[in-house]
Each structure stands twice: as structure tokens, then as C-alpha cells.
> 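Pasting a structure here, questions to come.
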Number of protein chains: 4
Amino acid sequence: MLGVGPRVKTIRLASCYRASVTPPNAERRNQHSRRAILRAAYELALELGPAKVTVEAIASRAGVGKQTIYRWWPSKGAVFLDVLEEQVGTVSEMPDTGDVVADLKTQMTAVAELFNADFARFYKALIAEAQGDAAVAQGLAEQLAERAEGPRRDRLSKAQQQGQIRADIDLAAAVEMLYAPLYYRLLVGAAAPDSAQVSAVLDVALHGLAPSR
Amino acid sequence: MLGVGPRVKTIRLASCYRASVTPPNAERRNQHSRRAILRAAYELALELGPAKVTVEAIASRAGVGKQTIYRWWPSKGAVFLDVLEEQVGTVSEMPDTGDVVADLKTQMTAVAELFNADFARFYKALIAEAQGDAAVAQGLAEQLAERAEGPRRDRLSKAQQQGQIRADIDLAAAVEMLYAPLYYRLLVGAAAPDSAQVSAVLDVALHGLAPSR
Amino acid sequence: MLGVGPRVKTIRLASCYRASVTPPNAERRNQHSRRAILRAAYELALELGPAKVTVEAIASRAGVGKQTIYRWWPSKGAVFLDVLEEQVGTVSEMPDTGDVVADLKTQMTAVAELFNADFARFYKALIAEAQGDAAVAQGLAEQLAERAEGPRRDRLSKAQQQGQIRADIDLAAAVEMLYAPLYYRLLVGAAAPDSAQVSAVLDVALHGLAPSR
Amino acid sequence: MLGVGPRVKTIRLASCYRASVTPPNAERRNQHSRRAILRAAYELALELGPAKVTVEAIASRAGVGKQTIYRWWPSKGAVFLDVLEEQVGTVSEMPDTGDVVADLKTQMTAVAELFNADFARFYKALIAEAQGDAAVAQGLAEQLAERAEGPRRDRLSKAQQQGQIRADIDLAAAVEMLYAPLYYRLLVGAAAPDSAQVSAVLDVALHGLAPSR
DNA sequence: CGGTAAGCGAGACGGTACGTCCCGTCTTCCT
DNA sequence: AGGAAGACGGGACGTACCGTCTCGCTTACCG
């Protein structure tokens with residue numbers, strides 16, 4: 001019957017990456033298949049919308065065996081995470097013209113536009129996936145912290161040193177306040193993020209809610 | 001003999017047309033079952049974590065036929081939305097002591113605590129569900145807009161009239177800036193929201209990033 | 001909120017068009033599973049009686065996924081038909097001692113006994129299934145014609161050539177007359193078939209109703 | 001919840017008719033509903049084919065509440081049995097012209113025609129139902145014995161007394177031999193019964209298989 | 001330079017959950 | 001009280017995917 005022969009190569013370890021005793025040899029990995037899988041996953045997320053992408057559909061679209069996916073990624077969400085890494089390079093850089101307000105406006109607007117584009121469907125799929133898969137959640141958080149929040153915090157830090165920003169500001173909180181509204185609208189809001197929102201947020205963030213003395 | 005002839009496969013629902021059907025008579029609805037279903041859905045979301053709750057488990061836990069769920073809700077997410085409506089009444093009220101900053105701190109801290117409690121797992125399940133179900137997404141957005149953002153905006157509006165807040169502030173943006181960081185951490189951040197975050201956010205929000213003249 | 005909008009109901013499969021799909025690869029079929037399924041179906045038909053056997057019970061008893069049944073058989077009845085094919089070999093052979101009357105008595109008694117044994121419950125289940133499934137009905141008829149009636153007709157034909165049976169007899173009708181009473185009692189009669197019935201039938205069949213000249 | 005209030009009026013007794021402690025008052029029975037139910041059951045059996053008729057469909061077609069069916073019949077099969085009683089009167093009479101062979105041919109041909117007509121679908125539905133419902137099986141057997149076999153046996157008996165049939169014939173077996181082939185073809189045969197079959201059967205039955213001395 | 005072991009495509013397998021249909025019981029309201 | 005209507009708890013249906021497991025087939029390395 002099925003299952004005879006040498007088995008139990010892998011030990012289940014749900015929330016953690018790869019636990020096979022004989023991991024696949026990465027050097028022999030077929031890069032063509034890898035790219036086809038990432039591409040298919042991205043396309044399908046755009047086409048079908050978040051949460052309707054299946055592993056079988058990815059494999060089929062990529063012209064790949066299902067096992068090839070499971071050999072290299074522990075879950076569908078992990079594939080999505082890899083896709084993300086390839087897609088978001090574009091907006092993770094922070095411009096630096098010397099004018100921090102202008103730079104923030106530039107970059108926040110770019111993010112808002114990204115969240116309005118096709119990419120939004122994919123990103124929502126990934127975040128939904130993360131709610132049920134701790135490894136994906138962690139990967140997403142790390143990606144966000146290192147690739148997105150880091151440069152933003154650095155930019156604010158520089159501005160702070162230049163005196164464009166108050167010295168006693170908690171920069172992490174500042175970054176969250178500036179960008180979280182964009183994520184909020186993406187994930188739970190009725191409206192999509194736009195440049196009007198960016199302007200309003202920047203206005204409040206710069207001058208504060210308190211009336212001027 | 002059997003099985004000869006062309007293999008057939010039925011087409012996915014969506015590609016067949018749909019016809020409306022007499023809706024169930026709401027007056028005869030069994031309120032006991034309704035409550036048992038909402039209760040079971042909430043408990044299971046807490047116990048199993050987001051994305052592992054099944055309709056069958058809800059029905060079984062509630063001592064109810066599956067059809068009774070499908071009769072009254074179009075999807076699992078819709079059940080979650082109804083649960084939400086029953087659960088969040090507690091934090092949707094906005095205190096009004098006359099001191100808007102103190103009130104915000106009180107209420108934001110309450111929300112942060114809620115997002116740290118069991119409720120967080122449930123809320124994440126709901127938001128994940130919303131990514132794949134447009135009706136749930138819309139319901140969630142409406143719930144948020146009407147029950148949560150509305151009172152908050154109203155409170156800020158009153159404070160604005162009292163001169164505690166600048167007159168030229170976009171209140172919707174302000175509310176988003178204050179609360180979005182909490183949602184951001186709940187859904188995508190590495191850390192959970194806490195009172196330190198609340199303090200930092202309020203500090204930035206009140207006095208702004210710009211250095212005092 | 002949720003659930004507003006027109007209630008919808010999906011249309012029954014039959015009214016949607018069907019599309020053929022790649023059939024499974026018969027070479028890779030797991031013979032162990034196949035046998036376990038046939039065995040489980042037979043056992044359950046005996047234990048639970050006709051019409052209480054479910055596909056889920058067969059799959060569970062066989063230690064098999066439901067899909068493995070649906071992959072290889074179009075319906076529960078088709079499984080039963082395959083079981084039949086494996087079970088009835090025993091009584092489909094026709095003895096040939098040279099004395100056609102003795103041979104008929106031997107074989108008809110064997111059939112009567114089969115219809116009194118556990119097998120009867122199974123056979124009734126199959127025939128009931130056939131009433132609602134044209135493919136099963138056809139398969140059953142073919143099985144009967146080829147495996148049962150054929151050899152019987154052949155035996156009578158040989159006897160006819162040997163002068164043991166009138167030359168102008170319609171052999172198909174003769175076979176039906178001899179065996180149909182057994183099926184009749186199995187399916188609709190109050191009493192079960194027995195050797196007394198066999199004797200009575202043979203007596204009438206041999207010498208006819210008409211008084212001797 | 002459901003099920004509070006006075007309950008347990010009826011005791012389940014699967015294989016037996018009616019076991020309510022307070023049976024309904026037959027005098028107050030709505031004869032209009034009764035007829036509508038029988039009529040709907042018959043029509044649906046013809047239209048949908050055997051085994052696809054549901055109680056809900058009968059109730060709906062008859063413009064009747066489901067409970068009205070369950071109040072007066074223990075099962076769907078019992079309804080079918082009642083329908084049968086109304087439908088088969090026509091062919092249960094046995095003609096008596098004095099010529100038993102002619103009479104048999106007349107009546108067997110009538111039965112064969114009935115089994116070719118729409119009625120066949122209904123009758124097959126009933127017999128299929130009987131395989132899974134002992135009460136229906138018993139009712140069917142009784143109906144058959146009393147209404148069909150009885151008159152036929154009586155006719156043969158009379159012919160026997162008149163010397164048209166051998167004195168030492170087992171009349172029950174004779175009746176079975178004559179009519180069982182018709183049922184056989186109806187239920188499991190490939191071909192439908194017809195007048196050619198009737199003639200062939202009568203030929204064999206009258207003169208026997210054995211060669212004339 | 002031919003053997004062998006890995007990655008690969010394909011897809012069958014044991015499962016779980018889906019959303020639907022229908023069962024037989026029940027409750028409500030109407031006649 | 002009987003009946004039309006239909007909500008209810010339950011259970012089976014046939015389908016979609018899951019993640020695991022063979023199968024042959026390249027393909028690249030190694031003896």
C-alpha cells in the first residue's frame with residue numbers, strides 16, 4: 001500500500017520553518033521553477049483576490065508539481081512572503097532631499113498608491129494568511145521592521161539631528177503614527193488610502209492637535 | 001460497464017446563475033440557537049485561534065444543525081461580525097471628563113488592553129476572514145466607522161469647540177492617527193499594543209513633530 | 001449590514017452544464033484501497049441492510065478517503081456492481097453432468113440458497129440502487145445477461161441439441177421462466193426462495209400446464 | 001428552545017406502522033389533502049423517476065404541510081403503497097372467458113403493457129423503497145399476494161377443475177412462473193416486457209420443455 | 001562514460017471542511 | 001383538532017484542497 005518504504009523524513013513542526021532531517025540541496029534547486037512559483041502566486045492573488053489562492057492552483061499555473069512547492073516552502077504563506085520580498089523593494093527606500101516633510105510626503109504617497117494598486121489584493125492576502133500562521137506573521141513583522149520601518153526611522157532620526165524634528169520624540173511611535181493610517185485603511189477601512197489622507201496625516205503629525213500658544 | 005463514457009466534472013457554483021429563494025421567516029427564528037451560535041463562534045475563535053474555526057465546529061459546539069447557521073448568515077465571517085457587534089459595545093463608548101487628552105488616554109488604553117486580551121485572537125480571525133469575503137469586509141468597515149470612529153470623532157469635535165484642539169484639524173485623520181497604530185500592531189506588528197505606545201502616540205499627536213518655535 | 005441583498009440559492013448541478021475532466025491514471029491505482037473499498041461495501045450492506053450503507057461509512061471502514069471512492073466509481077451503486085462481479089462468480093457457472101434436469105435443479109437450488117444467505121441483503125441493496133441510477137441498472141442488466149443468463153441458455157441449448165428439450169423452445173424465455181421466480185421472491189415476494197419452489201418450478205417447466213394427451 | 005412544552009407523543013418504531021399514543025382522528029381527516037398527496041406522489045415518481053421523490057416535494061406539490069403526510073403515513077414508501085392500491089385495480093382482475101390460455105394471454109399482456117407505461121417508473125420506485133423499509137416490503141408483498149396472485153391462482157384453479165390444466169400442478173408455482181418473468185424484466189432485465197415475451201412464456205408453460213413422447 | 005541519486009512533473013492518496021439537500025420532529029398560527 | 005407553513009437538530013451528499021506519498025523522467029555529479 002501507500003506509505004511503505006522509507007518514510008518519516010520530515011517531522012511536523014507547524015509554526016516553524018523546515019524541519020526535514022535531510023533538507024533539499026539548495027544548489028540543485030531549479031531557479032526557473034522558483035520564479036514561476038512566485039510569479040504564479042502573485043498573479044493568482046491579484047486575479048482571485050486574497051484568500052482564494054490554493055497551492056494546487058499555484059502549482060498548476062507555474063507548471064510545477066505540488067511537492068516542489070512544499071519542498072522549498074513550509075506553507076503557502078511562506079511563498080507569499082517571498083513574493084513580498086521581491087515586490088516591495090521599490091517603496092522601501094526613503095528619499096532624502098534634506099526636507100524631511102517633503103520626503104515623508106513623497107514616500108507616504110508612494111505607499112498609498114501602492115495600496116491602491118493591484119498589489120493591495122496581494123498584500124491583504126498575505127496579512128490574512130499571517131493571522132492563521134505564526135511563522136508568516138513573524139516573517140511579515142520582520143520584513144516590515146527591517147525593510148520598511150527601519151529606513152523610515154533612520155530618516156526621521158537624521159531630521160531630528162538636523163533640528164527639523166523635536167529632540168524628545170519617540171521615533172518608533174512617530175513612524176507608526178505616520179504609516180499606520182495607511183495600513184488601517186488598507187485592511188479595515190471603508191475608503192482606500194490616498195494623497196488627501198497623507199496630507200491630513202502629515203498636517204496633524206507636524207503641528208499636533210494642541211492649539212498653538 | 002460502469003464508469004465508461006466521458007468523465008465529467010461539475011462547474012463551480014459561481015459560473016452557474018443564481019436564483020433568489022424565499023428568505024426564512026425572521027419572526028420564527030430561534031433566539032436560543034442564535035445566541036448559542038454566537039457564543040460558540042466566539043469561544044472557538046479564542047480557543048483555536050484565528051483561521052481554525054470551522055462552521056461544523058461552531059454548529060457542533062452550539063448544539064445546532066449546520067443549516068441553522070447557513071439559514072441566517074451567508075458565511076462564517078458574517079457570524080463573526082455579529083459576534084463583534086455583541087462584544088465591542090464595551091470599548092466603543094468615549095468617556096467625556098472635559099479633559100480630552102485624559103479621555104483619549106483612557107480609551108486608547110482600553111483598546112490596547114482589549115487588543116492584548118483573548119479578544120485579539122477573535123478580532124484577527126475576523127479581519128483575516130474579511131480579506132476573502134467582501135461582505136464581511138464591508139460589514140467590518142461599517143461597524144468600525146459607525147460604532148468606533150464616530151464617537152471618537154465626536155469627542156474630538158467637542159474638544160475642538162472648547163478650544164482644546166486646533167480648529168483647522170481634519171478630525172477623521174486625527175482619529176485614524178491616534179487609533180491606527182493600535183490596529184497596526186495588532187495585525188502586522190511584532191509587538192502588541194500597550195500603554196507605552198499609547199503615551200508615545202499621544203505625545204506626538206498633541207505637540208507634533210515640529211520643534212517649538 | 002451582512003445578509004442584506006437578495007437571498008440566493010445555487011441551482012442543482014444537473015441544470016449547469018458539465019465539462020469533461022482528465023480521468024485518473026488507472027495504472028497508478030492503489031489496488032489495496034480498491035479491495036478494501038469493495039470489501040467494506042459488501043460487509044456494510046450485509047450488516048446494515050440495503051439502503052443504509054453510506055459512502056462515508058464505506059470510506060471510513062475501508063480506511064480510505066471519500067475522494068478515492070469518487071475518483072474511481074461514479075456512484076455508490078457502481079461500487080456495489082463491482083462487488084457483485086467479485087461475489088457471483090460462484091453461482092454463474094452451470095454444471096453439466098449430461099442430465100439437464102439434474103443440472104438445473106443443482107444450479108437453481110444454489111441460486112435459491114444464495115438468495116437466502118447474507119448475500120440477499122446485498123443484492124437487494126444493489127437492485128434498489130439500480131432503480132435510481134440508470135448506469136447501475138444497465139450494468140446490472142449486462143452483468144446478469146452475460147454472466148448468468150448466458151451460461152444457462154448455453155446449457156439449455158446443448159440439452160436441446162441432445163434431444164432433452166423440445167427443439168422449438170425459445171430458450172431465453174425458458175431461462176427467464178426458470179429463474180425469474182427466484183428473483184421475484186427475493187424482491188417482492190413474501191416468502192424466500194427455497195428448494196420446494198425450485199422443484200415446483202421445474203415440474204411445471206418440464207411437463208407443462210396442459211394435461212397430457 | 002425547541003422541544004420544550006409537551007412532547008414525546010410518539011414513540012419511534014421504525015419498522016412498524018404508527019405508534020403514536022394518540023392517533024389522529026380519522027374521521028376528521030381532510031380527504032382533499034389525502035388525494036392531493038397521493039396524486040402528487042404518483043406524478044413526481046413519474047416525472048423524476050424512481051428514488052428521486054422527496055417528502056418535501058410531495059408536500060409542496062400537494063400544497064400540504066409535511067406534517068400532514070407524517071400524520072397519516074409512517075414513511076414515504078407507505079404513501080407509495082397507498083398510491084399503488086389506487087392505481088392497480090385495473091389489472092388485478094382476471095378475465096374468465098372459459099379459455100384459460102386466452103385469458104392468461106389477455107391478462108399477462110395487460111400487465112406487460114402496464115410495465116411498459118409510465119406506471120413502471122412508479123412501480124420501480126416502490127420496489128426500491130421496499131428494499132430499505134420492511135413495512136413497505138411487507139405491504140407490497142401482501143398487496144401482491146391478495147390482489148394479484150390470488151385472482152390468478154383462482155383462475156388457474158378453476159381451469160384445473162375444468163381439466164384445462166394438469167391436476168397435479170402447484171398452482172402457486174405456476175402463477176409465479178407465468179408472471180415472474182414480467183417482473184424480472186421490469187426490475188433487472190435489459191429489455192422491457194412485451195407481448196412476444198408473453199407468448200414465449202405461455203408456450204413453454206403450457207407444453208413444457210420436455211420433448212413430446 | 002555509465003551509474004546513481006537528487007530534483008522535478010504529475011497526481012493518487014487519507015483526510016477535513018465545505019455548502020446543500022433532505023429527513024423526521026417540532027412549533028406557530030389559521031380555519 | 002386538523003392543517004399549511006416552515007424552523008429545527010441531524011446526517012449524508014459530492015466537491016475542493018490540504019499536505020504526504022509514490023511514480024517515472026531528466027540532469028548533474030562521481031567513480
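So you know, we letter chains A, B, ... as the sequences are listed, proteins then strands, and number each from 1.
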> Holding to side-chain contact (heavy atoms from CB on, under 4.5 Å), I want the full list of residues that pass it with A:A40, two or more places apart in sequence or in another chain.
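Per chain and number, A:A40 pairs via side-chain contact (heavy atoms from CB on, under 4.5 Å) with A:I58, A:R61, A:A62.
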> Starting from P on E:dG15, measure out to CZ on C:R61 and report it in whole angstrom.
15 Å
> Rounded to whole angstroms, how far apart are CG on C:L48 and P on F:dA12?
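That distance rounds to 10 Å.
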> Taking CG from C:D133 and C1' from F:dC13, how many angstroms apart are they, rounded to a whole number?
14 Å
> Of the nucleotides E:dC18, F:dG14, E:dG9, which one has an atom closest to the side chain of C:V55?
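Within the option list, the nearest is F:dG14.
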> Separation of D:I58 atom CD1 from E:dG24 atom P, in whole Å?
11 Å
> Looking for any heavy atom pair under 4.0 Å, which part of the strands does D:S75 touch: base, sugar-phosphate only, or nothing?
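No contact.
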> Taking only residues two or more places apart in sequence, or in another chain, which ones meet D:R39 in a salt bridge (charged side-chain N to carboxylate O under 4.0 Å, His left out)?
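Once residues adjacent in sequence are excluded, the partners of D:R39 under the salt bridge (charged side-chain N to carboxylate O under 4.0 Å, His left out) criterion are D:E43.
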> Find every protein N or O atom lying less than 3.5 Å from an N or O atom of nucleotides 23-31 of chain F, and list the pairs.
none

> Is the phosphate of E:dG9 approached by A:S33 (side-chain N or O, under 4.0 Å from OP1 or OP2)?
yes
> I'd like to check A:I127 versus B:Q131 (side-chain heavy atoms, cut-off strictly below 4.5 Å). Are they in contact?
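When only atoms from C-beta onward are counted, B:Q131 and A:I127 do not touch, as no gap falls below 4.5 Å.
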> E:dG19 C1' sits how many Å from B:W73 CH2, rounded?
16 Å
> List the residues meeting salt bridge (charged side-chain N to carboxylate O under 4.0 Å, His left out) with C:K76, not counting sequence neighbours, and say none if there are none.
none
> B:N25 or C:E56: which one's nearest nucleotide on DNA chain F is closer to the 5' end?
B:N25
> Quick check: any donor-acceptor pair below 3.5 Å linking the side-chain of A:K66 to the base of E:dG9?
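When only heavy-atom distances are counted, A:K66 does not reach the base of E:dG9 through any donor-acceptor pair under 3.5 Å.
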> Would a 4.5 Å heavy-atom cut-off, applied to side chains only, mark A:V53 and A:F80 as touching?
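Result yes, sub-4.5 Å side-chain heavy-atom pair found.
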> Give the rounded distance in Å between these two atoms: CD1 of A:I69 and P of F:dC21.
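Computing the A:I69:CD1 to F:dC21:P distance gives 17 Å.
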> Can you check whether A:W72 has a side-chain N or O nearer than 4.0 Å to OP1 or OP2 of E:dC8?
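Yes, such a contact exists.
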> Sequence neighbours excluded, which residues qualify as side-chain contact (heavy atoms from CB on, under 4.5 Å) partners of D:L38?
D:R34, D:W73, D:V79, D:D82, D:V83, D:E86
> Check side-chain contact (heavy atoms from CB on, under 4.5 Å) between C:T54 and all other residues, then give those that pass, not counting sequence neighbours.
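With neighbours one apart ignored, the set is C:E56, C:A57.
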> Measure from the side-chain heavy atoms of C:R71 and tell me the nearest of E:dG7, F:dC8, E:dC13.
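Per side-chain heavy atoms of C:R71, the pick is E:dC13.
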> Which heavy atom in A:A135 sits nearest to a heavy atom in A:L81, and how many Å separate them?
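Shortest heavy-atom separation between A:A135 and A:L81 comes out as O-CD1, 4.5 Å.
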> For A:A57 and D:T68, find the nucleotide of DNA chain F closest to each by heavy atoms; which residue's nucleotide sits nearer the 5' end?
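This one resolves to D:T68.
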> Can you tell me the distance, in whole Å, between the CD atom of B:Q31 and the C1' atom of F:dC8?
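One finds 14 Å between C1' of F:dC8 and CD of B:Q31, rounded.
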> Write down the distance between CG (B:L44) and P (E:dA17), rounded to a whole number of angstrom.
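Whole-Å distance recorded here is 11 Å.
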> The side chain of B:P24 lies closest to which of these nucleotides: E:dA17, F:dA7, F:dG2?
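The nucleotide sitting nearest to the side chain is F:dA7.
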> Counting distance alone, no hydrogens or angles: does the base of F:dC21 have a donor or acceptor under 3.5 Å from a partner atom on the side chain of A:Q67?
yes
